[in-house]
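Side chains are part of it too, since the values below use all heavy atoms of this structure and drop only hydrogens, waters and symmetry mates. First the proteins, then the strands, lettered A, B, ... as listed; each starts at 1.
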Amino acid sequence: MRKVRDALFALLKEAVRSAIVKGELPDIGDLPTFTIEPPPQEEFGDFATNLAMVLSRPMRKSPMEVANTLLRHLPAADWLRRAEVAPPGFLNFHLTDHWLYEAVRDAIERDERYGHWDIGQGKRVLVEFVSANPTGPLQIGNARGGALGDAIANLLAAVGYQVEREYYINDVTMSAQVQKFGESLEARYLQLFGYDVPFPEDGYKGEYVMELAKEIVNEHGDAFVPLPPQKRRQKFFALAKEKIIAQHKAVLERFGIRYDHFVSEQWLYDSGRVKKTLELLKAKGLTYESEGALWMRTTAFGDQKDEVLVRRTGAPTYFASDIAYHLYKHERGYAFVVNVWGADHHGHVPRMHAALKALGIEREGEEKWLKIVLYQLVRLVKDSQPLRMSKRAGEIVSLDDLLDFIGKDAARFFLLSRSPDTPLDINLDLAIKQSQENPVYYVQYAHARCCRLFSHAKKQKHQAFSGYQKADLSLLQQPEERRLMKLVAAFPDIVLKAATHLLPHFLTQFALQLADTFHDFYERHRVLSDDVSLSFARLALVKATQIVLRNALTLLGICAPEAM
RNA sequence: GCGCCCGUAGCUCAGUCCGGAUAGAGCGCUGGCCUGCGGAGCCAGAGGUCCUGGGUUCAAAUCCCAGCGGGCGCGCCA
């Protein structure tokens, strides 16, 4: 598709040049940007351009007039069957189908590499995602972040970057959340031995805390009961973190996510990186003291207000350690890094960019080194009432539950079907019903059908089974066949678009459309028949379709089953 | 009050970043299709003030401004 488009581009430029030389169009210097795209209707041909319409104003001629002039000056090409002008000024191109045959052959030949690019040129990039607080099970919001981050990492790898996945553990023991969680766990533990200890105010009330306490009893018995309170509390801070992080890793594995690195916030402190970062900021004159706290002048770099780095208590803020963390990422030499955050963190975005600008890592007006993908929150709806998901209140639906309900593939497809900007409501009452109606099965079934045709061909020893690579693709003349070929040809562009925009749902939508087109083709035309040549060609098309479906699903982190 | 996101078919959403031709899909609804590659499928149909009002443009769901409605932020929490 890229090649054809480039060829059309060249043809159009030549037409403009020729018209200018003949004095039929005024010379306006560089051409404005214009598009060459498949038109909305098949009757309009294979590609259409708006060139005449964007030239209309600078050339001071009507779009139709420019279009007609361009048409007269359009050089001939053996692959161009005809071109025509359509109101209000489009130029429509009807091509011979060779570009479609090429796409089918290309797909079969490149197989799992079809749709991949090399624009990343092996440069290293980092995708950080999920990075939940270790105070409770991962929940559905984390699932959205997980599906997005993992698919984005896949996409970046597909366009030629060397991608690493990272999980940042917010495990600072002195943080209020971690302490509260540790105290809650301690209270539950003591309660299991019959001690009437008060549950901490604002403690974590979820059932999982009691379950963890039971687990600790199983492993250690009452060993911690007689400890001095101070020492016991420290022990439970550590235990709480340890247990939850192990749980997080396990459920992420279940969700099909493998990380290359886990970076601990506590480690940033222990290694002295936070301290060094603060010294660096001070040395650069970016800080000042006020009201007993240390502030950073983020407003000088586009933030709405200055931010506190070190509290009056002497404890650095999350912002301070996050700057240290991103300096650490930068040290490791990534061409750029991607962070996937829930939209409730959007206030953190301008200050991070301000900090990076202050440190010279990002510059005004240049492409950002830190690319932040924000996803809107996931709400649970029950009896058409939204549930407030809160770890402390214990009202959560965990990622584990979601996987129990609908499984990895349906969960990922659902979470990746919509733009990250769209808030998601999940209706629990319909969770299982919806899972059976999940469009993922529609796509997977299309893939399985393709595979089925091959096993069928093999079983009945159809000649096409071994001959499809040499097929005469020009036998594919039916509209359903051409539609299918066009989608096969479009796939690499879709991958590129999804990767550069960091938007996996483009791929999900495409997969749906491809499955739809394939099912239609399959219902109308018999693939394996007595017409051997036609069977060759159709089987080749099926192979190409299967490859594209599989590659698309793989990029989304979803299985492409051979049978269902 | 300020900032970010959303508002498109009965419901859930694509399409908005990069303005283009008759605005699409799934679910639901109505009516059809199984004596040949598994029907987890296919075909046809009904269903729309693209939140409202201005503006820019040859052309606006898309860009700009104002307003309305919903979500989320605005901590020396993370």
Identity of whatever pairs with B:G10 - Watson-Crick or G-U, under 3.5 angstrom: B:C27

Suppose you measure atom P in B:G69 against the same atom in B:U30; what distance do you get, rounded to whole Å? 38 Å

Short question: side chain of A:S264, backbone of A:N170 - any donor-acceptor pair under 3.5 Å? no

Check whether the aromatic ring of A:Y442 stacks on the base of B:A40, taking stacking as ring centres less than 5.5 Å apart and planes within 30° of each other. no

Nearest-angstrom distance, P atom, B:C6 to B:G10: 22 Å

Gap in Å between the two C1' atoms, one belonging to B:A46 and one to B:A9, rounded: 11 Å

Give each protein N/O atom lying under 3.5 Å from an N/O atom of nucleotides 9-13 of chain B, with the pair distance.
| residue | atom | partner | partner atom | Å |
| --- | --- | --- | --- | --- |
| B:U12 | O2' | A:R418 | NH2 | 2.6 |
| B:C13 | OP1 | A:P423 | O | 3.1 |

Taking the minimum atom-to-atom distance to the side chain of A:Y522, which one of B:C72, B:G39, B:A78 wins? B:G39

Side chain of A:L528 only, heavy atoms from C-beta on: which candidate in B:G73, B:C37, B:C17 is closest? B:C37

Provide the distance between the two C1' atoms, one in B:C5 and one in B:U22, to the nearest whole Å. 32 Å

Please check the phosphate of B:G39 (OP1 and OP2 only) for any side-chain N or O of A:R449 closer than 4.0 Å. yes

Rounding to a whole Å, what distance do you find between A:Y325:OH and B:A78:P? 17 Å

Check every atom of B:C76, B:G39, B:C5 against the side chain of A:R312 and return the nucleotide holding the closest atom. B:C76

Check every atom of B:A78, B:C76, B:A21 against the side chain of A:N92 and return the nucleotide holding the closest atom. B:A21

Taking only the C1' atom of each, what is the distance from B:A59 to B:C18 in whole angstrom? 16 Å

With rounding to the closest Å, how many angstrom separate the C1' atoms on B:U56 and B:U49? 22 Å

When rounded to whole Å, the CZ to C1' distance for the pair A:F90 and B:C58 reads 11 Å

Against the side chain of A:K497, the closest entry in B:C17, B:C2, B:C58 is B:C17

Could you tell me how far B:C43 sits from B:C34 if I compare only their C1' atoms? Round to whole Å. 14 Å

Ignoring hydrogens and geometry beyond distance, is the side chain of A:D171 in donor-acceptor contact with the base of B:A78 at under 3.5 Å? no

Could you check whether any side-chain heavy atom of A:D409 comes within less than 4.5 Å of a side-chain heavy atom of A:Y441, counting everything from C-beta outward? no

B:A78, B:C76, B:G39: which one has an atom nearest the side-chain heavy atoms of A:E291? B:C76

With under 30° as parallel and over 60° as perpendicular, where do the rings of A:H348 and A:F319 fit, or are they tilted in between? perpendicular

Tell me whether the count of non-hydrogen atoms from other residues, nucleotides or ligands lying under 6.0 Å of CG in A:D270 goes above 12. yes

Length of the CG-P vector between A:D421 and B:U8, whole Å: 15 Å

Would you find more than 12 non-hydrogen atoms of other residues, nucleotides or ligands less than 6.0 Å from A:E367 atom CD? no

For a side chain to side chain donor-acceptor pair (under 3.5 Å) check, start with the C-alpha distance between A:S321 and A:E265, then their side-chain angles and the critical distance, and finish with the verdict. CA-CA 7 Å; A:S321 56; A:E265 186 185 5; 2.7 Å; yes

From A:T545 atom OG1 to A:R538 atom CZ, the distance as rounded to the nearest 0.5 Å: 12.5 Å

Using O4'-C1'-N9-C4 for purines and O4'-C1'-N1-C2 for pyrimidines, with syn meaning within 90° of 0, is B:C34 syn or anti? syn

Is any side-chain N or O of A:H505 closer than 4.0 Å to OP1 or OP2 of B:G15? yes

Nearest to side-chain heavy atoms of A:R452, which nucleotide of B:G20, B:C5, B:C37: B:C37

On a plain distance test, is the side chain of A:H501 in donor-acceptor contact with the base of B:C18 below 3.5 Å? yes

Using atom C1' in both nucleotides, what's the gap between B:G24 and B:G48 to the nearest angstrom? 12 Å

Just the rounded figure in Å: distance from P of B:C43 to CZ of A:R483. 9 Å

Report yes if at least one side-chain N or O of A:R524 is closer than 4.0 Å to OP1 or OP2 of B:G41; otherwise report no. no

Nearest 0.5 Å please: distance from the CG atom of A:L424 over to the CD1 atom of A:I140. 9.5 Å

Residue A:A86, side-chain heavy atoms: nucleotide from B:A21, B:C37, B:C58 that is nearest: B:A21

Output yes when a side-chain donor or acceptor of A:E562 lies under 3.5 Å from a complementary backbone atom of A:R452, and no otherwise. no

Centroid-centroid distance, A:Y328 to A:W267, less than 6.0 Å: yes

To the nearest angstrom, the NE2-P distance between A:H346 and B:C72 comes to 11 Å

When only distance counts, do a donor and an acceptor, one from the side chain of A:H348 and one from the base of B:G73, lie under 3.5 Å apart? no

Closest to side chain of A:P439, choosing from B:G26, B:C42, B:G15: B:G26

Proximity to the side chain of A:E265 - top-ranked nucleotide from B:C72, B:C76, B:A78: B:A78

